[in-house]
Amino acid sequence: MKRAIRVAAVAAGLTLAACARDTEPDAGPPAPPPRTLTIGIKFDQPGLSTRGADGKPQGFDVDTAVYIAGKLGVTPDHITWREARSEQREDLLNSGTVDFVVASYSITAGRQQLVSFAGPYLMAGQDLLVRQSERGIDRPEDLNGRTVCTAEGSTSAEKIRRSFAYGVQLTTRDTYAQCVADLLTGTVDAVTTDDVILAGYAHEHPGTLKVAGHRFTRERYGVGIRKGDLDLQGRITAIIRMMIDDGSWRKSMETNLTAGGYKPLAAPVVFNAPDKAVEPGDPTTLDPQLISTTKAVAATSNARDWEGFRSLVCPENADAIDEIVFGYTPQFDKGLGSEVKNAGYTNTVTGVTQSDPNTATFVFHEAFTNVPEKYRQYFKDIDYTGNMVRRDGSWKLCSLAADFVEP
Ligand code: GLU
């Protein structure tokens, strides 16, 4: 019953434009009315999403939105574009003002309480934009005593508040374009947000502005949708995979971003329904055994149950996998002693993609808790990406990659 209601809500979300027509007896069956979509995007992020002189939006986010709409059966002339500034995205989604948001919108655990995401479709990282003449600012640690601008409601503002608040003068605006205007006039010393956004502004002001070039967070851009709309989430996630697989992703990346000098990270692993798919019984095509094995891998990976972990790993790759886990788990071997004895960790599976009955990719996030601030640098969060193979009916972890991320 619940599921039926959800599907109905999706159908209603894709607004049927009212089509008044006279019903003439021999006009044949009426043509289906054109479907329309309202999509939230940024209006002032060159390379990702701007409005040209003719008012038409362009950029990588726009291409992604148009591709998704196309696969949902909606042509570009039936899309209504709505500005979605950083702080407005959750409200626009939950009030039903937009059908979905494609606006440099990072998937975070906090936001997943309020909205749902499909994707991710792009990886980026927070960085700094400064004047070309600036010599003193290269990394966020250099911002002590300086003024940095970012958009309210962004993960970029969050990060500065949480990690660098002690010395940095943070000032926020509604949009990054307003911050850039202030950087050009000298009102602020730096602008901070994702490198992919900053690269667009640097490209617009050659010889005047530059990106520092040291990503200090990892941002996974998702398509924001109304909370709990699993049907739309699954459909858009599948469409994003298609966009990456058929070359459209790369083409748009080259036209809009690489051509302007941006050095992108690889295309992301696209999850099945990132905020939901890891519970058995979800309306996805995932094998429940796969789900339970990925959870078991995550639970045993931290050398606490070594035998258990080894039993889940492909024997021929077990040593290589051990090395990765040891390499990324220096935290318990630092001789930090009693001061960190209360430190703990949580491992959460954040996404599983099953490409065929016998292969799958999954990502799990390891977060450390109860770590004294001065030892935080030894306890960076880790994202593990694992490849799973099903052999003789049971799933095994056959390769693993790891990445430090900011909590
Ligand atoms: N990706 C970050 C976020 O979602 C920063 C960019 C933005 O504000 O759109 O907050």
Side-chain angles (χ1 to χ4, degrees), residues 39-51 57 59-62 64-65 81-94 98 100-129 140 148-164 170-183 188 190-202 211-212 214-225 227 240 256-257 262 264-265 268 274-275 350 383 405-407:
I39 305 177
I41 53 165
K42 299 290 184 83
F43 280 177
D44 56 2
Q45 295 182 181
L48 277 179
S49 190
T50 41
R51 285 167 85 93
F60 183 85
D61 272 354
V62 175
T64 304
W81 300 105
R82 166 78 203 235
E83 185 177 21
R85 298 178 170 187
S86 297
E87 203 181 15
Q88 301 172 321
R89 293 174 290 203
E90 292 82 23
D91 282 351
L92 288 172
L93 284 168
N94 289 326
V98 296
F100 55 84
V101 164
V102 189
S104 56
Y105 197 11
S106 299
I107 301 172
T108 69
R111 288 174 179 163
Q112 283 175 315
Q113 307 294 313
L114 306 170
V115 299
S116 292
F117 289 96
Y121 65 93
L122 185 72
M123 305 268 263
Q126 190 170 349
D127 209 324
L128 300 170
L129 181 75
V148 62
C149 186
T150 192
E152 196 49 72
S154 63
T155 54
S156 325
E158 250 326 277
K159 176 70 189 168
I160 297 293
R161 287 191 180 112
R162 211 176 38 210
S163 305
F164 301 100
L170 178 69
T171 172
T172 57
R173 304 279 184 273
D174 289 338
T175 69
Y176 300 109
Q178 293 166 0
C179 286
V180 171
D182 285 351
L183 181 64
V188 302
V191 177
T192 187
T193 186
D194 307 334
D195 57 351
V196 63
I197 300 173
L198 300 177
Y201 295 122
V211 181
H214 305 287
R215 298 175 175 115
F216 55 94
T217 69
R218 188 55 61 88
E219 310 291 323
R220 293 183 168 75
Y221 287 5
V223 174
I225 56 181
K227 174 91 179 135
I240 292 168
N256 294 298
L257 296 166
Y262 179 61
L265 293 160
D275 59 342
T350 49
D383 270 343
V405 288
E406 296 296 331

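As the structure lists them, so they are numbered: ligands from 1, and atoms in each ligand from 1.
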| request: Return yes when Arg89 approaches ligand 1 closer than 4.0 angstrom through a heavy atom, no otherwise. | output: yes
| request: Report yes or no: does Thr150 have a heavy atom closer than 4.0 Å to ligand 1? | output: no
| field | Minimal non-hydrogen separation, Thr217 against Gln126, with atom names | value | OG1-N, 3.0 Å
| message | side chain to side chain contact (heavy atoms under 4.5 Å, CB included) for Thr150 and Ile160? Distances and angles first, verdict last. | response | CA-CA 9 Å; Thr150 192; Ile160 297 293; 5.6 Å; no
| task | Identify, for atom 2 (C) of ligand 1, the protein heavy atom at the shortest distance, and state residue, atom and that distance. | result | Thr155 OG1, 3.1 Å
| note | Short version for Ala103: what comes under 4.0 Å of ligand 1, heavy atoms counted, is backbone
| request: Decide whether an N or O pair under 3.5 Å exists between Ser106 and ligand 1. | output: yes
| message | Can a side-chain donor-acceptor contact be found between Asp44 and Tyr176 if the only test is distance below 3.5 angstrom? | response | no
| task | Using a strict 4.0 Å cut-off to heavy atoms of Ile197, name the atoms of ligand 1 that fall inside it. | result | 6 (C)
| field | Subset of ligand 1 atoms that lie under 4.0 Å from at least one heavy atom of Ser104 | value | 1 (N), 2 (C), 3 (C), 4 (O), 6 (C), 7 (C), 9 (O)
| task | Please determine which of Glu83, Arg89, Arg51 meets the side chain to side chain contact (heavy atoms under 4.5 Å, CB included) test together with Lys42. | result | Arg89
| query | Using a distance-only test with no angle check, is there a side-chain donor-acceptor pair under 3.5 angstrom linking Asp61 and Tyr121? | reply | yes
| task | Begin from the C-alpha positions of Ser104 and Glu219 and carry the test side chain to side chain contact (heavy atoms under 4.5 Å, CB included) through to its verdict. | result | CA-CA 9 Å; Ser104 56; Glu219 310 291 323; over 6 Å; no
| query | What atoms of ligand 1 come closer than 4.0 angstrom to any heavy atom of Ser86? | reply | 7 (C), 8 (O), 9 (O)
| query | Does the pair Ser154 and Ser86 meet the rule for a side-chain hydrogen bond (donor to acceptor under 3.5 Å, both in side chains), with working shown? | reply | CA-CA 6 Å; Ser154 63; Ser86 297; 5.4 Å; no
| Atoms in ligand 1 flagged as close to Ser154, the criterion being non-hydrogen separation under 4.0 Å | 8 (O), 10 (O)
| said: Is the contact between Arg220 and ligand 1 made by the side chain, the backbone, both, or neither, using heavy atoms and a 4.0 Å cut-off? | reply: neither
| request: Tell me which one of Asp194, Val196, Leu122 gets a heavy atom nearest to atom 1 (N) of ligand 1. | output: Asp194
| task | Take Phe164 and Thr192 through the test side chain to side chain contact (heavy atoms under 4.5 Å, CB included) and record every step on the way to the result. | result | CA-CA 12 Å; Phe164 301 100; Thr192 187; over 6 Å; no
| Option of least heavy-atom distance to atom 8 (O) of ligand 1 (set: Tyr176, Tyr221, Tyr105) | Tyr176
| ligand 1 to Ser156 polar contact by distance, N or O atoms, under 3.5 Å | no
| Under 4.5 Å between any side-chain heavy atoms of Val188 and Val148, yes or no? | no
| query | Are Asp182 and Arg173 close enough for a salt bridge, meaning some N to O gap below 4.0 Å? | reply | yes
| query | Does some non-hydrogen atom of Ala151 fall short of 4.0 Å from ligand 1? | reply | no
| In terms of residue, atom name and distance, what is the protein heavy atom nearest to atom 4 (O) of ligand 1? | Arg111 NH1, 2.8 Å
| task | Using non-hydrogen atoms of the residue, decide whether Lys42 is closer than 4.0 angstrom to ligand 1. | result | yes
| query | Which of the atoms in ligand 1, numbered in the order shown and given with their element, are less than 4.0 Å from a heavy-atom of Thr193? | reply | 5 (C), 6 (C)
| said: Let's go through Asp194 and Gln45 carefully: what are the C-alpha distance in whole Å and the side-chain angles of both, what is the deciding distance for side chain to side chain contact (heavy atoms under 4.5 Å, CB included) to 0.1 Å, and is it a yes or a no? | reply: CA-CA 11 Å; Asp194 307 334; Gln45 295 182 181; over 6 Å; no
